[in-house]
Amino acid sequence: MAELVLKEVGKAYGDVEVLRGINLEITTGELVVFVGPSGCGKSTLLRMIAGLERITSGDFSIDGVRMNDIPPAQRGIAMVFQSYALYPHMTVRDNMAFGMKIAKRPADEINEAVENAARMLQLEPYLDRLPKALSGGQRQRVAIGRAIVRDPKVFLFDEPLSNLDAALRVATRIEIAQLKERMAGSTMVYVTHDQVEAMTLASRIVVLNGGGIEQVGPPLELYEKPANTFVARFIGSPAMNLFDGVVKASGDYTVVSLKNGGTVTLPVPSEGQDKGKEVKLGVRPEDLVPTDGEDAVLVGDVEIVEGLGETTLLHLAPREGEEAPIVKLPGIHRIDRGATIRFTAETSKLHLFDRTGRSFLYRN
Ligand code: ADP
Ligand code: MG
């Protein structure tokens, strides 16, 4: 049981501010994922929660108790790192028991905790092996087991899967998802730069960028209702297409005339003063569908066709100043390079952003 509250938390190394104005409440039983590009401050934020990094401004509390000056060992937290950091000369059993032995817990209590964790992580057959006789995925499970044995209030994971190859990453990710179910009641904070991990594991995702929070919400909410172009492009793959346009008419509906020639009417209210403003229309690659009709939001020449079987990716020739649009069609399509295709999208799937990148539709 643990509720984490961060209020205006910041971090500076000397004059260099790496995190600012972090406000976040994490409730008991949640698995919250911090996601964002490399260097945005994910690990630093996690390490401040763990007590491994000093908080230079703001307040952090667990269950209402201010933690800023509480040493790591007294926070009730266990952390799993990207590098498993197992003791190479100790068996799996001893690695997992180490923390409890140091804490001088009785032997039967230690045994029970280790057996329990081993069962949960399907490590029972490996308890007497040394780490070198395990695969990367198994080693990471031992590192997780070591955290479980300590029975912490809060689990922190910093990119635990990034040293694993693709297949193992998927398998271990599913194990972590199952672990989350079995450990209902404990609070988990998980750092990754992998959006699939974030989407599949999180009860809520925190999107970080440049030391600040861009948006917080359940995975599909971020996908469907990104509050800004950063989140719109960070969540979803390939990234959302953005087209330049100008507001032609505003009111209950917003009419946008696109630089690429099309005109779209969005069921999005905008103010009279928005008329004439430059905007960006956002459409996800998977929301574009070929059309013969007049209502195209995109007309483009196919430059590259990537047939992946389950989907076909079309890369279209870019307009000046825009990135090359991408269309993701389900299944197999035999489309020739150079073909000119018109695409439309349901109006409910369209996104509209102002010049600064803020959504007209969804606000933080
Ligand atoms: P992430 O985990 O999101 O990749 P980090 O939290 O590791 O990012 O780093 C955030 C920023 O803080 C980076 O710009 C990094 O260079 C900077 N940083 C991290 N540790 C230190 C340090 N000890 N001194 C100065 N800058 C640091
Ligand atoms: Mg990191």
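Each ligand, and each atom within it, is numbered from 1 in the order the structure gives. Since the structure is predicted, the reported quantities are computational estimates derived from the model, not experimental observations.
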Student: Do any nitrogen or oxygen atoms of ligand 1 lie under 3.5 Å from a protein nitrogen or oxygen, and which ones?
Tutor:
{"residue": "ligand 1", "atom": "2 (O)", "partner": "Ser43", "partner atom": "N", "Å": "2.9"}
{"residue": "ligand 1", "atom": "2 (O)", "partner": "Ser43", "partner atom": "OG", "Å": "2.9"}
{"residue": "ligand 1", "atom": "3 (O)", "partner": "Cys40", "partner atom": "N", "Å": "3.2"}
{"residue": "ligand 1", "atom": "3 (O)", "partner": "Gly41", "partner atom": "N", "Å": "3.0"}
{"residue": "ligand 1", "atom": "3 (O)", "partner": "Lys42", "partner atom": "N", "Å": "2.9"}
{"residue": "ligand 1", "atom": "3 (O)", "partner": "Lys42", "partner atom": "NZ", "Å": "2.9"}
{"residue": "ligand 1", "atom": "4 (O)", "partner": "Gly39", "partner atom": "N", "Å": "2.7"}
{"residue": "ligand 1", "atom": "6 (O)", "partner": "Ser43", "partner atom": "N", "Å": "3.4"}
{"residue": "ligand 1", "atom": "6 (O)", "partner": "Thr44", "partner atom": "N", "Å": "2.9"}
{"residue": "ligand 1", "atom": "6 (O)", "partner": "Thr44", "partner atom": "OG1", "Å": "2.5"}
{"residue": "ligand 1", "atom": "8 (O)", "partner": "Gly41", "partner atom": "N", "Å": "3.3"}
{"residue": "ligand 1", "atom": "20 (N)", "partner": "Tyr13", "partner atom": "OH", "Å": "3.3"}

Student: Strictly by modelled atom types, are Thr291 and Thr344 linked by a side-chain donor-acceptor pair under 3.5 Å?
Tutor: no
Student: Would one find more than 12 heavy atoms of other residues, nucleotides or ligands at under 6.0 Å from atom NZ of Lys248?
Tutor: no
Student: Do Arg173 and Thr200 get their side chains close enough for a donor-acceptor pair, meaning under 3.5 Å?
Tutor: yes
Student: Taking NZ, NE, NH1 and NH2 as the nitrogens, is one of them in Asp354 or Lys277 under 4.0 Å from a carboxylate oxygen of the other?
Tutor: no
Student: Quick one: do the Glu30 and Thr27 side chains pair a donor with an acceptor below 3.5 Å?
Tutor: yes
Student: Show all protein N/O/S atoms under 2.8 Å from the Mg ion (ligand 2), or state that there are none.
Tutor: Ser43 OG
Student: For the residue pair Ser43 / Asp158, report whether a side-chain donor-acceptor contact shorter than 3.5 Å exists.
Tutor: yes
Student: Report yes or no: do Tyr190 and Glu197 form a side-chain donor-acceptor pair below 3.5 Å?
Tutor: yes
Student: Are Arg105 and Glu109 within salt-bridge range, i.e. N to O under 4.0 Å?
Tutor: yes
Student: Using the benzene-type ring in the case of Trp, are the ring centres of Phe98 and Tyr87 under 6.0 Å apart?
Tutor: yes
